[in-house]
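Along the sequence shown, the residues carry numbers beginning at 1.
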Amino acid sequence: MNILLVEDELSLARAVKRILEQQGYLVDAVHDGLSAVDYATGFDYDLIILDVMLPKLDGFEVVRILRKDNVNTPVLMLTARTTVRDKVNGLNRGADDYMTKPFDTEELLARVGALTRRTGGTVVVDTVSFGDLTLDVKSACLSCGGNDVQLSKKEFEVLKLFFYNPTMTITKEMMINKVWGAESDVSDNNVEVYISFLRKKLRYLKSKVSLKNIQKLGYRLEVEA
Ligand code: CA
């Protein structure tokens, strides 16, 4: 279950991310409205938790743009505002639920649970497959045929990006943002190192799947015919 969390108060974002991850959700956190639109249109999420007061674009605008782009992921608005007018505003623009800050953990989890169930997500998926590969998202174990190999945390996060977006070319910038965070000082070289680690493991597994270079753009998963 993938959740996009959009919250510009970094300490709150970290706390909410931790709470959700403890429940087994996979969480990407971004901190402004433009990044929210980029991530929500570029990747598949089961739920978007969206603050209203955000830099660059506010939460209402984000929802409006997403709905216009036919991104129908459920949206839980999170805000310090408590007026009825804001609530009506948010729901009119396509938000699915609304929660005012401060909120408690139980309430957050109850609402997240209700909204992710609505998309048919009661079954928590433990594995994701591509070609002859199966990735266990709980243990970070990658298997092919009868063989398996343990991935490191970063290798797992990089590969997961490809598995969840199997038709997409993933750029180095996306990988850095999603795996290390936009504020990190990780360079393209680090990404290349992890791609080479993963390629080594794919060869070890004798998989027909490869991480193909897409010239100047990034990488994409491909299955050898
Ligand atoms: Ca805010």
Can you name the closest pair of heavy atoms from C144 and S207 and give their distance?
SG-CA, 3.8 Å

Starting at CG of N2, measure out to OG1 of T116 and round the result to the nearest 0.5 Å.
11.5 Å

Starting from the C-alpha separation in whole Å, work towards a yes-or-no answer on salt bridge (charged side-chain N to carboxylate O under 4.0 Å, His left out) for E21 and R18.
CA-CA 5 Å; E21 284 176 344; R18 197 168 47 239; over 6 Å; no

Could you check whether any side-chain heavy atom of L205 comes within less than 4.5 Å of a side-chain heavy atom of L142, counting everything from C-beta outward?
yes

Among Ile, Leu, Val, Met, Phe, Trp and Tyr joined by side-chain contacts under 4.5 Å, find the other residues sharing a cluster with L217 and list them by chain and number.
I214

Please answer: with hydrophobic residues joined when any side-chain heavy atoms are less than 4.5 Å apart, are L10 and I3 in the same cluster?
no

Checking N213 now: which residues fulfil side chain to side chain contact (heavy atoms under 4.5 Å, CB included) with it, not counting sequence neighbours?
R199, Y219

Roughly how far, to the nearest 0.5 Å, is the CD1 atom of I195 from the CG atom of L211?
5.0 Å

May I ask you to test the L12-K101 pair for a side-chain heavy-atom distance under 4.5 Å?
yes

For V193 and N189, run side chain to side chain contact (heavy atoms under 4.5 Å, CB included): C-alpha distance rounded to whole Å, both residues' side-chain angles, the deciding distance at 0.1 Å, then the answer.
CA-CA 6 Å; V193 167; N189 288 340; 5.5 Å; no

R64 side chain to K68 backbone, donor-acceptor under 3.5 Å:
no

Could you give me the CA-CA distance, side-chain angles and deciding distance for K201 and E155, then say whether side chain to side chain contact (heavy atoms under 4.5 Å, CB included) is met?
CA-CA 10 Å; K201 293 193 170 172; E155 288 171 346; 2.8 Å; yes

Taking every heavy atom of L202 against every heavy atom of S210, the minimum-distance pair comes out as CD1-CA, 4.2 Å

Counting C-beta onward and ignoring hydrogens, is there a side-chain heavy-atom pair between V112 and I49 closer than 4.5 Å?
yes

Heavy-atom distance under 4.5 Å between the side chains of L133 and L221, does that happen here?
no

What distance do E9 atom CD and L78 atom CG have between them, rounded to the nearest 0.5 Å?
9.0 Å

Taken to the nearest 0.5 Å, the spacing of L50 CG from T73 OG1 works out to 11.5 Å

Can you establish whether the number of heavy atoms outside F103 located under 6.0 Å from its atom CZ is more than 12?
yes

Using the side chain to side chain contact (heavy atoms under 4.5 Å, CB included) rule, take D38 and V30 through it: C-alpha gap first, then chi angles, then the decisive distance, then the call.
CA-CA 10 Å; D38 281 351; V30 295; over 6 Å; no

Backbone of L54 reached by a side-chain donor or acceptor of D51 within 3.5 Å
no

Tell me, which pairs form a salt bridge (charged side-chain N to carboxylate O under 4.0 Å, His left out) where one or both residues lie in residues 208-224, sequence neighbours left out?
R220-E222

Which residues pass the salt bridge (Lys or Arg N to Asp or Glu O under 4.0 Å) test with K160, not counting sequence neighbours?
none

Side chain of Q150, backbone of S139: donor and acceptor closer than 3.5 Å?
yes

Residue of the set V6, V52, I48 for which side-chain contact (heavy atoms from CB on, under 4.5 Å) holds with M77:
V52

If you take all heavy atoms of D44 and N165, which pair is closest and at what distance?
N-OD1, 4.0 Å

Begin from the C-alpha positions of L57 and V37 and carry the test side chain to side chain contact (heavy atoms under 4.5 Å, CB included) through to its verdict.
CA-CA 9 Å; L57 280 178; V37 171; 4.0 Å; yes

So do the side chains of D104 and L108 get within less than 4.5 Å of each other, counting heavy atoms only?
no

V128 side chain reached by T134 side chain, heavy atoms, under 4.5 Å:
no

Is a side-chain N or O of D32 found less than 3.5 angstrom from the main chain of S35, in a donor-acceptor match?
yes

How long is the span from the CG atom in L4 to the CG atom in L26, to the nearest 0.5 Å?
12.5 Å

Taking the side chain as C-beta and beyond, is there a heavy-atom pair between F130 and V223 under 4.5 Å?
yes

Sequence neighbours excluded, every pair satisfying ring pair (Phe, Tyr, Trp, His ring centres under 6.0 Å) that has a member inside residues 15-39:
Y39-F43

Nearest-0.5 Å distance that lies between atom CD in Q23 and atom CE in M1
12.5 Å

So do L135 and F156 actually touch side chain to side chain, heavy atoms under 4.5 Å?
yes

How far apart are the C-alpha atoms of D69 and T41, what are their side-chain angles, what is the distance that settles it, and do they pass the side chain to side chain donor-acceptor pair (under 3.5 Å) test?
CA-CA 8 Å; D69 278 358; T41 52; 5.5 Å; no

Take E7 and K17 through the salt bridge (charged side-chain N to carboxylate O under 4.0 Å, His left out) test and state the conclusion after the steps.
CA-CA 10 Å; E7 169 61 68; K17 187 172 195 282; over 6 Å; no

Throw together a table of side-chain donor-acceptor distances under 3.5 angstrom for residues 178-186, partners on residues two or more places apart or in other chains.
unit_1: K178; atom_1: NZ; unit_2: D28; atom_2: OD2; d: 2.2
unit_1: K178; atom_1: NZ; unit_2: Y45; atom_2: OH; d: 2.9
unit_1: S184; atom_1: OG; unit_2: G181; atom_2: O; d: 3.0

